[in-house]
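Structure, as structure tokens:
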Amino acid sequence: MVFFMDLNLKAYQDYLIKEKNYSPLTVKAYLDDILSFKNYLLNQDVALEEVVYPNIRSWMVELMEQKIAPSSINRKISALKSYYKFLLKIKEIKINPLLKHKSIKVAKKIQTPFSEVELKNVSFEREGIDDFEKIRNRFIIELFYTTGIRRAELINLKNNSVDEVQRTLKVIGKRNKERILPMIQATFNLYQDYKLQRFDLKVIKDDEFLILSKKGLKLSESFVYRLINDYFSEVSKKEKKSPHVLRHTFATHLLNNGADLNSVKELLGHASLSSTQIYTHSSLSELKKVYNEAHPRNKK
């Protein structure tokens with residue numbers, strides 16, 4: 001973690017870690033955004049604690065001129081807002097300069113899920129990979145598709161995350177929130193196959209983690225992204241092929257097949273239904289199809 005000469009930033013970092021229970025990646029993202037703004041202020045000879053809203057507005061204008069996406073600007077401002085709330089809490093400032101700020105409107109991007117056919121067409125018979133890699137890669141893809149977990153959640157699964165009696169998966173999500181997910185039989189069978197292959201690895205350095213590299217190390221986020229992208233590039237022409245698209249596919253396919261929104265919310269680990277509702281657009285076409293086929297007025 002970053003070492004700060006600025007005591008307020010150091011205290012804020014500790015606050016995010018110890019009180020908010022944010023993940024290391026989230027903490028780093030928040031601090032990077034704040035430091036970015038701090039660097040901008042150097043030319044204006046203004047300290048972070050002395051900022052007024054026009055300083056922030058001018059920074060936003062500069063970011064827009066740099067063609068930074070509105071969503072990214074909103075994220076940076078959100079980090080600043082959190083920091084100034086903290087400064088207010090510890091009485092380092094009297095007024096939050098972002099108190100009346102309104103986020104930039106962002107057009108919602110519609111994620112396109114993989115189809116069931118694309119999932120079925122994924123091939124694990126690749127040249128140059130051994131049984132360990134083949135079974136591990138299949139297990140990773142099936143975990144994403146049958147549980148809907150996030151990339152960071154998958155990477156941080158531990159050896160004790162699977163309850164073999166109940167056939168469930170314990171996942172530690174955002175803000176260290178724990179949820180228990182069911183494992184379908186096919187995924188559980190893959191887990192058992194993978195566990196046997198893992199046991200035969202010659203060297204295991206990160207033994208506490210469930211899913212490892214061939215060298216016995218914890219997986220990186222970039223490795224998992226490349227793995228999903230490589231496999232699905234062979235079966236899909238969709239622009240985006242990532243672990244998040246598989247999570248989106250999990251939710252969409254459940255909704256298309258009759259799952260209720262609240263159940264999907266719980267499985268995904270969302271704090272509110274509003275987060276889950278972004279997945280309902282894909283099931284709308286399925287609803288239209290059912291409606292057109294079933295409504296008496298539409299029958300000839």
Side-chain angles (χ1 to χ4, degrees), residues 23-25 114 116-174 176-236 241-251 253-254 267-269:
S23 71
L25 283 174
F114 297 120
E116 292 184 43
V117 172
E118 286 171 330
L119 265 297
K120 287 177 182 177
N121 287 342
V122 174
S123 172
F124 298 94
E125 301 302 324
R126 290 180 157 204
E127 291 184 13
I129 66 170
D130 58 20
D131 286 343
F132 169 78
E133 290 177 296
K134 179 168 68 176
I135 292 172
R136 180 206 58 199
N137 294 354
R138 185 168 188 171
F139 180 45
I140 287 172
I141 290 172
E142 286 298 306
L143 268 179
F144 278 132
Y145 179 53
T146 62
T147 68
I149 60 176
R150 301 176 177 94
R151 175 171 50 172
E153 292 171 345
L154 179 138
I155 289 169
N156 287 300
L157 289 174
K158 304 292 177 61
N159 279 318
N160 63 356
S161 294
V162 178
D163 184 327
E164 298 189 13
V165 176
Q166 298 295 326
R167 288 213 312 270
T168 57
L169 185 70
K170 181 171 69 176
V171 176
I172 307 300
K174 290 183 176 180
N176 282 339
K177 285 182 67 177
E178 180 183 300
R179 67 187 189 279
I180 306 297
L181 302 174
M183 294 177 75
I184 63 172
Q185 187 64 52
T187 305
F188 185 73
N189 291 345
L190 272 173
Y191 157 73
Q192 293 181 308
D193 292 342
Y194 165 73
K195 198 169 69 165
L196 290 173
Q197 292 293 329
R198 185 187 185 281
F199 182 77
D200 287 338
L201 284 176
K202 292 180 181 178
V203 178
I204 296 181
K205 296 181 180 178
D206 292 327
D207 191 43
E208 66 176 305
F209 295 98
L210 176 62
I211 306 178
L212 302 174
S213 71
K214 196 175 178 180
K215 295 181 179 179
L217 297 170
K218 179 185 178 183
L219 300 182
S220 68
E221 293 215 353
S222 58
F223 174 87
V224 176
Y225 179 87
R226 288 196 306 270
L227 185 150
I228 300 302
N229 188 70
D230 287 350
Y231 274 91
F232 282 87
S233 290
E234 295 178 355
V235 298
S236 176
K241 298 171 278 288
S242 67
H244 186 72
V245 174
L246 266 177
R247 175 173 161 85
H248 179 66
T249 302
F250 161 81
H253 287 186
L254 281 179
L267 290 168
L268 291 172

Exercise for the section: Check the pair V122 / F114 against side-chain contact (heavy atoms from CB on, under 4.5 Å), numbers first and verdict last. Expected result: CA-CA 11 Å; V122 174; F114 297 120; over 6 Å; no
Practice task
Please report the C-alpha distance between Y191 and F188 in whole Å, then the side-chain angles of each, then the deciding distance to 0.1 Å, and finally whether the ring pair (Phe, Tyr, Trp, His ring centres under 6.0 Å) criterion is met.
Solution key: CA-CA 5 Å; Y191 157 73; F188 185 73; 5.8 Å; yes
Exercise for the section: Start with the C-alpha gap between H244 and R151, add the side-chain angles, then the distance that decides, and say whether side-chain contact (heavy atoms from CB on, under 4.5 Å) holds. Expected result: CA-CA 7 Å; H244 186 72; R151 175 171 50 172; over 6 Å; no
Handout entry: Step-by-step side-chain contact (heavy atoms from CB on, under 4.5 Å) determination, K241 to V235
Key = CA-CA 10 Å; K241 298 171 278 288; V235 298; over 6 Å; no
Practice task
Could you walk me through whether L157 and I149 pass the side-chain contact (heavy atoms from CB on, under 4.5 Å) test, one step at a time?
Solution key: CA-CA 10 Å; L157 289 174; I149 60 176; 4.3 Å; yes
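Here the CD atom belonging to E133 is positioned 10.0 Å from the CG atom belonging to D131, to the nearest 0.5 angstrom. Atom CD1 of I180 and atom CD of E178 lie 4.5 Å apart (nearest 0.5 Å). Interatomic distance, T168 OG1 to M183 CE, rounded to the nearest 0.5 Å: 8.5 Å. With rounding to the nearest 0.5 angstrom, the CZ atom of R136 is 10.5 Å from the CD1 atom of I141. T187 OG1 to L169 CG: the interatomic distance, rounded to the nearest 0.5 Å, is 9.5 Å. The distance from atom CZ of R198 to atom CZ of F132, rounded to the nearest 0.5 Å, is 8.0 Å.
Proximity of Y194 to N137: side-chain heavy atoms (C-beta onward) are nowhere separated by under 4.5 Å. Side-chain contact between E118 and N121 is absent, with no heavy atoms from C-beta onward closer than 4.5 Å. In this structure, the side chains of L267 and L254 come closer than 4.5 Å at one or more pairs of heavy atoms. Residues V245 and S242 are in side-chain contact: their nearest non-hydrogen atoms beyond the backbone lie under 4.5 Å apart.
The shortest heavy-atom contact between R138 and F124 is CA-CE2, 3.3 Å. Nearest heavy-atom pair across E221 and A152 is OE2-CB, 3.7 Å. Here the shortest heavy-atom pairing between L268 and G148 reads CD2-O, 3.9 Å. Summarising the geometry of Y225 relative to P243, their closest heavy-atom pair is CD1-CD, 3.8 Å, with the distance given to 0.1 Å.
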Please tabulate, for the side chains in residues 208-218, all donor-acceptor contacts under 3.5 angstrom to protein atoms that are two or more places apart in sequence or on a different chain.
residue : atom : partner : partner atom : Å
S213    : OG   : K215    : N            : 3.2
S213    : OG   : L217    : N            : 3.1
K214    : NZ   : D130    : OD2          : 3.2
K218    : NZ   : N156    : OD1          : 2.8

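Comment: E125 engages K134 in a salt bridge, judged by a side-chain N to carboxylate O separation of less than 4.0 angstrom. At a threshold of 4.0 Å, the pair K195-E164 counts as salt-bridged, since one of the basic side-chain nitrogens sits closer than that to a carboxylate oxygen.
The environment of R150 atom CZ is dense: over 12 non-hydrogen atoms of other residues, nucleotides or ligands sit within 6.0 angstrom.
Judged by distance alone, with hydrogens and angles left aside, the side-chain atoms of H253 form no donor-acceptor pair with the main-chain N or O of T146 at under 3.5 Å. For D163 (side chain) and K170 (main-chain N/O), no donor-acceptor pair under 3.5 Å exists by modelled atom type.
No donor-acceptor contact under 3.5 angstrom links the side chains of Q197 and D193, judged on distance only.
Residues passing the side-chain hydrogen bond (donor to acceptor under 3.5 Å, both in side chains) test with R126, sequence neighbours excluded: E234.
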